[in-house]
Amino acid sequence: MVTIDSLYFGEYVFALKDDPFFSSTQISSITNVSCNGFCDGEASIIAQGGVAPYSYIWDDPSTQTTSAITGLCEGTYSATITDGTGKET
């Protein structure tokens, strides 16, 4: 699971677990919300290792299923990435 923690205006924190599939999965970009109360944040991740194809499920209100998500409000978001063999991060 990839977690983007505390997506606030002007700052961010993220964590990846240490495993061959986990450690090769990375956050490729984060756009913080532009102003308090706005829901215009964005995030994207890149899955590597494991076996392609990869599927993504984010825990945002829209349960987005792509590597890049948009329309994020201030908060913490996680993604579960599953590789072609069914292994999850």
Side-chain angles (χ1 to χ4, degrees):
M1 177 177 296
V2 175
T3 300
I4 299 174
D5 185 26
S6 304
L7 185 65
Y8 296 104
F9 175 68
E11 64 181 273
Y12 61 89
V13 177
F14 64 90
L16 298 174
K17 296 181 179 180
D18 188 30
D19 174 283
F21 184 30
F22 303 143
S23 61
S24 62
T25 300
Q26 56 188 295
I27 297 171
S28 62
S29 69
I30 294 176
T31 303
N32 295 304
V33 294
S34 61
C35 191
N36 189 25
F38 283 34
C39 294
D40 58 356
E42 300 177 359
S44 62
I45 52 179
I46 299 172
Q48 297 175 337
V51 177
Y54 305 101
S55 62
Y56 306 85
I57 299 176
W58 289 86
D59 68 349
D60 68 303
S62 300
T63 316
Q64 296 180 59
T65 58
T66 60
S67 62
I69 60 173
T70 61
L72 300 176
C73 300
E74 183 177 311
T76 299
Y77 300 92
S78 297
T80 299
I81 305 165
T82 306
D83 77 357
T85 66
K87 183 175 180 181
E88 292 183 356
T89 62

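All residue numbers in this chain count up from 1 along the given sequence.
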Which atom names give the shortest non-hydrogen contact between [X] and [Y], and what distance separates them?
| X | Y | value |
| --- | --- | --- |
| Ile45 | Ala79 | CD1-CB, 3.9 Å |
| Leu72 | Asp60 | CD2-CB, 4.0 Å |
| Gly50 | Asp83 | CA-OD2, 3.3 Å |

Kindly compute the distance separating [atom1] ([X]) from [atom2] ([Y]), expressed to the nearest 0.5 Å.
| X | Y | atom1 | atom2 | result |
| --- | --- | --- | --- | --- |
| Ser67 | Ile27 | OG | CD1 | 12.5 Å |
| Asn32 | Asp40 | CG | CG | 9.5 Å |
| Glu88 | Ser55 | CD | OG | 8.0 Å |
| Tyr77 | Ile69 | OH | CD1 | 7.5 Å |

Query - Expected output: side-chain Trp58 to main-chain Ala68 donor-acceptor under 3.5 Å - result: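 No; zero donor-acceptor contacts below 3.5 Å.
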Query raised in the report: Partners of Ser62 by side-chain hydrogen bond (donor to acceptor under 3.5 Å, both in side chains), sequence neighbours excluded?
Result: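 None.
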Query - side-chain hydrogen bond (donor to acceptor under 3.5 Å, both in side chains) partners of Asp59, counting only residues at least two apart - result: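 Partners of Asp59 by the side-chain hydrogen bond (donor to acceptor under 3.5 Å, both in side chains) criterion come out as none, since no residue qualifies.
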Report task. Would you mind reporting whether Thr65 and Tyr56 have side-chain heavy atoms less than 4.5 Å apart? Result ->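 Of all side-chain heavy-atom pairs linking Thr65 with Tyr56, none is under 4.5 Å.
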Report task. For the residue pair Ile57 and Thr63, establish whether any side-chain heavy-atom pair is separated by less than 4.5 Å. Result ->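 SC-SC contact between Ile57 and Thr63 confirmed.
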